[in-house]
Asks: 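Starting off with a structure, shown below.
The residues of the chain are indexed from 1 along the displayed sequence.
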Amino acid sequence: MKTNIKGLFLAGLAALVVGCTDLDVDVESQYTEYPTNEIALEAKMADIYYHFSGVLGRRYMEVMCLSSDEYSAASYGGGWYDGGAYAHPALHNYTFEDATIDWFGTITEGISKANRVIVDLGGNDAGAAVAPARAIRAFFHWIIMDGWGDIPILDRIPDDGETIDRKPRAEVTRWLESELLAVIPDLTTDVNENTYGKPTRWMAEALLAKIYINWPVYTAPSVESYDAAAANNEKLADCIKMCDDIINSGKFNLGSMSYREKFSYNNGPKVEDFIYAMPYDTQTRQGMQYGRSRCWKNIKKMAKSYFGDALSQSGGGYITMTPEFVKRTFILPGDERNKCVIGLSSNPNDYRYVAGQDENTVFVYNKSNLQMTNEVARVEGPDSDPLKLKVNVTLANANDPTLDVGDNINGYCQGCRSVKWYVIDDDFKNGRNQSNDVPLFRFADVLLMKAEALTRQNGSAEARTLFNKVRAYANAPELDHNPSLEEIYDERGREFFDENWRRNDMIRFGHFEDEYFPHYKNFPTARFEKTCRIFPIHKDILNLNPSWKQNAGYSN
């Protein structure tokens with residue numbers, strides 16, 4: 001357990017109540033009396049703050065990463081196919097029954113909780129008292145708007161029997177802007193252990209900057225009408241303004257710790273790069289299970305895993321990396337971020353992907369400093385074969401929509417694997433619930449958003465300076481010219497790999513309809529319609545809200 005945030009968790013141990021997802025339910029009936037003492041009030045607020053933790057810890061991550069070019073799903077002789085829950089996002093062939101998109105209702109429950117708190121503290125006009133709840137409410141709206149497009153604006157408790165209609169995405173976007181601008185002056189500017197994982201001025205400004213950089217995406221007449229090449233972003237100056245306020249605050253920096261340490265099992269408030277993060281702990285704040293899906297399938301049989309420990313639990317292994325992303329991204333000499341991936345290279349002293357090196361040895365990491373060693377990881381015991389991963393992924397049967405790679409060692413070794421979210425057995429054996437906190441907004445993102453906005457404004461030397469700050473702390477080669485948009489896109493891929501931003505970036509930069517394994521135009525179940533930029537509404541939500549129509553491009 002991360003002892004430096006024990007105090008933070010004491011107020012948040014109330015179990016998340018899974019309530020009704022019907023948007024017509026009178027939320028006011030959920031509570032009979034609002035807590036008046038400070039501890040009870042903090043517990044109620046914590047229930048809002050951490051409501052996203054369960055979804056972020058698995059399902060949100062799965063659909064975001066699998067629908068991007070970072071990852072593909074893998075099944076093993078039918079195992080882990082799970083009705084296509086993972087294969088469908090990888091092929092952009094979602095259905096309205098997929099488990100990876102069943103969390104719309106969970107987020108609206110969080111909005112309902114926030115509305116209850118806001119009402120009982122005096123309403124939307126109660127200033128600083130309700131500003132944190134309003135900020136989280138806006139964040140929850142943004143989460144589902146980004147994923148589903150048109151959504152209801154739930155800024156109050158509905159009347160009994162009231163039907164809540166979905167609003168156009170552009171209208172929701174403008175409401176989010178006004179809501180965040182309204183609460184920013186009332187949010188705390190403190191950055192310390194007591195504000196970690198809670199909404200601050202900087203969290204709201206980072207969210208608003210993210211909305212501004214995506215403004216043409218979110219305000220397009222329809223999701224399929226957005227054209228990255230022709231888009232004009234009227235909010236670039238506003239994005240820069242938000243970024244500047246965060247930068248000039250002096251509250252954040254890229255940090256003195258290594259890149260790998262930021263995402264480790266003992267990260268937390270000490271990470272100076274984290275503007276807003278979701279705290280996890282294997283005992284007190286469970287649900288973070290990124291390692292489960294990324295571990296090599298037979299990792300439990302390794303006498304010593306590549307994490308330096310023998311692991312008590314098996315690896316799911318149902319998420320593997322696409323060769324296109326590996327070959328495009330992890331190629332810079334000296335770049336520390338390369339070592340967040342196993343199977344890139346058989347040379348631990350010059351670790352990066354080199355063209356033609358498509359089967360590579362896996363090395364053991366030093367758990368104390370998270371650095372790669374020269375020790376070879378082995379499939380089972382000390383005398384067993386070296387573990388080697390194949391960059392290029394081959395299905396057991398071509399064009400198989402289940403994405404079966406084979407239930408054998410050859411199948412288990414298809415594709416590189418992420419080790420960014422470092423696993424230790426003390427966490428893994430506890431239901432594979434990890435203690436790695438997950439950042440939602442980072443200072444590095446603010447720097448690269450500003451660099452992107454400046455570049456979209458015809459470029460500047462300042463964009464190069466901001467870009468190179470990110471390169472320098474990762475020990476990657478610096479640019480000798482102002483960055484292009486494609487260079488910023490690739491840099492975002494390196495810096496925010498495995499942090500749930502790639503789908504968002506791909507849509508904005510016009511790459512979501514690219515080809516990458518298995519999302520190829522000759523693959524029989526792959527889809528390339530631009531309507532796939534958002535998800536279908538899950539059947540459970542449609543059943544509860546029969547007046548809603550399914551998103552364009554999907555059937556019920």
Side-chain angles (χ1 to χ4, degrees), residues 21 23 59-60 62-64 66-69 83-108 140-154 163-176 211 214-233 401 502-516 519-521 523-556:
T21 58
L23 302 182
R59 293 305 193 192
Y60 179 84
E62 288 170 342
V63 75
M64 291 300 164
L66 284 168
S67 61
S68 79
D69 66 348
Y86 318 112
H88 291 162
L91 293 161
H92 295 185
N93 188 26
Y94 324 93
T95 77
F96 83 140
E97 297 180 305
D98 287 340
T100 44
I101 57 164
D102 70 354
W103 45 271
F104 186 114
T106 302
I107 303 304
T108 61
F140 287 162
H141 275 85
W142 171 76
I143 287 289
I144 54 176
M145 179 272 285
D146 181 73
W148 280 276
D150 298 352
I151 64 166
I153 295 177
L154 301 170
T163 297
I164 307 297
D165 294 326
R166 297 165 71 193
K167 298 295 184 182
R169 196 185 205 186
E171 183 178 339
V172 178
T173 300
R174 293 186 176 93
W175 175 78
L176 284 171
I211 291 170
N214 285 289
W215 194 264
V217 178
Y218 295 152
T219 59
S222 64
V223 66
E224 64 268 29
S225 66
Y226 172 72
D227 181 352
N232 177 43
N233 190 338
R502 185 65 170 178
R503 168 187 163 273
N504 184 279
D505 290 344
M506 292 181 76
I507 294 169
R508 182 171 73 258
F509 282 90
H511 286 292
F512 195 65
E513 288 80 37
D514 288 357
E515 292 188 88
Y516 39 88
H519 187 244
Y520 298 140
K521 290 182 178 177
F523 198 94
T525 56
R527 292 188 61 186
F528 288 84
E529 297 93 332
K530 294 177 182 178
T531 50
C532 296
R533 294 170 178 175
I534 57 174
F535 310 130
I537 301 173
H538 197 271
K539 66 175 183 178
D540 293 343
I541 298 300
L542 290 176
N543 289 339
L544 291 168
N545 298 275
S547 65
W548 288 15
K549 293 182 180 179
Q550 182 58 273
N551 279 335
Y554 299 106
S555 58
N556 295 346

Asks: Side-chain contact test, heavy atoms from C-beta onward, threshold under 4.5 Å: evaluate it for D514 versus D69 and give yes or no.
Replies: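 The answer is no; the side chains never approach within 4.5 Å.
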Asks: Identify the heavy atoms of G553 and T531 that sit nearest to each other, and give their distance.
Replies: CA-OG1, 3.8 Å
Asks: T173 vs I211, test: side chain to side chain contact (heavy atoms under 4.5 Å, CB included). Steps then yes/no.
Replies: CA-CA 8 Å; T173 300; I211 291 170; 3.8 Å; yes
Asks: Run the numbers on L176 and M145 for side chain to side chain contact (heavy atoms under 4.5 Å, CB included), then give the verdict.
Replies: CA-CA 10 Å; L176 284 171; M145 179 272 285; 3.8 Å; yes
Asks: Could you grab the distance from atom CD1 of I537 to atom CG of D150, nearest 0.5 Å is fine?
Replies: 8.5 Å
Asks: Think R503 forms a cation-pi with Y60, using NZ or CZ under 6.0 Å from the six-ring centre and within 45 degrees of its axis?
Replies: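 Because its charged atom misses either the 6.0 Å distance or the 45° angle limit, R503 does not stack over Y60.
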Asks: Could you work out, with ring pair (Phe, Tyr, Trp, His ring centres under 6.0 Å) as the rule, every residue matching F528, not counting sequence neighbours?
Replies: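 Testing F528 for ring pair (Phe, Tyr, Trp, His ring centres under 6.0 Å), a comparison that skips the adjacent residues, returns H519.
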Asks: Pair T95, Y554 - check side chain to side chain contact (heavy atoms under 4.5 Å, CB included), show working.
Replies: CA-CA 7 Å; T95 77; Y554 299 106; over 6 Å; no
Asks: Quick one: side chain to side chain contact (heavy atoms under 4.5 Å, CB included) partners of S555, sequence neighbours excluded?
Replies: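 S555 satisfies side chain to side chain contact (heavy atoms under 4.5 Å, CB included) with no other residue.
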Asks: If the threshold is 4.0 Å, N to carboxylate O, is there a salt bridge linking E62 and R59?
Replies: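 A salt bridge is present here (some side-chain N lies under 4.0 Å from a carboxylate O).
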Asks: Salt bridge or not between D505 and R508? Use side-chain N to carboxylate O under 4.0 Å.
Replies: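 Result for this pair is yes, salt bridge flagged.
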Asks: Looking at W148, F104, W175, which hits ring pair (Phe, Tyr, Trp, His ring centres under 6.0 Å) with H141?
Replies: W175
Asks: Under 3.5 Å, side chain of R166 to main-chain N/O of K549, donor-acceptor pair present?
Replies: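 Between the backbone of K549 and the side chain of R166 there is a qualifying donor-acceptor contact (under 3.5 Å).
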Asks: Any salt bridge (charged side-chain N to carboxylate O under 4.0 Å, His left out) involving residues 88-101? Give me the pairs, sequence neighbours left out, ordered by first then second residue.
Replies: E97-K539
Asks: Within a strict 4.5 Å, meaning less than it, do heavy atoms of the F535 and N551 side chains meet?
Replies: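 In short, these two side chains do not touch, never coming nearer than 4.5 Å.
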Asks: Checking R533 against E513 for the side chain to side chain contact (heavy atoms under 4.5 Å, CB included) test, could you report, in this order, the C-alpha distance in whole Å, the side-chain angles of both residues, the deciding distance, and whether it holds?
Replies: CA-CA 9 Å; R533 294 170 178 175; E513 288 80 37; 3.0 Å; yes
Asks: Work out which heavy atom in A231 is nearest to a heavy atom in Y226; give both atom names and the distance.
Replies: CB-CE1, 3.6 Å
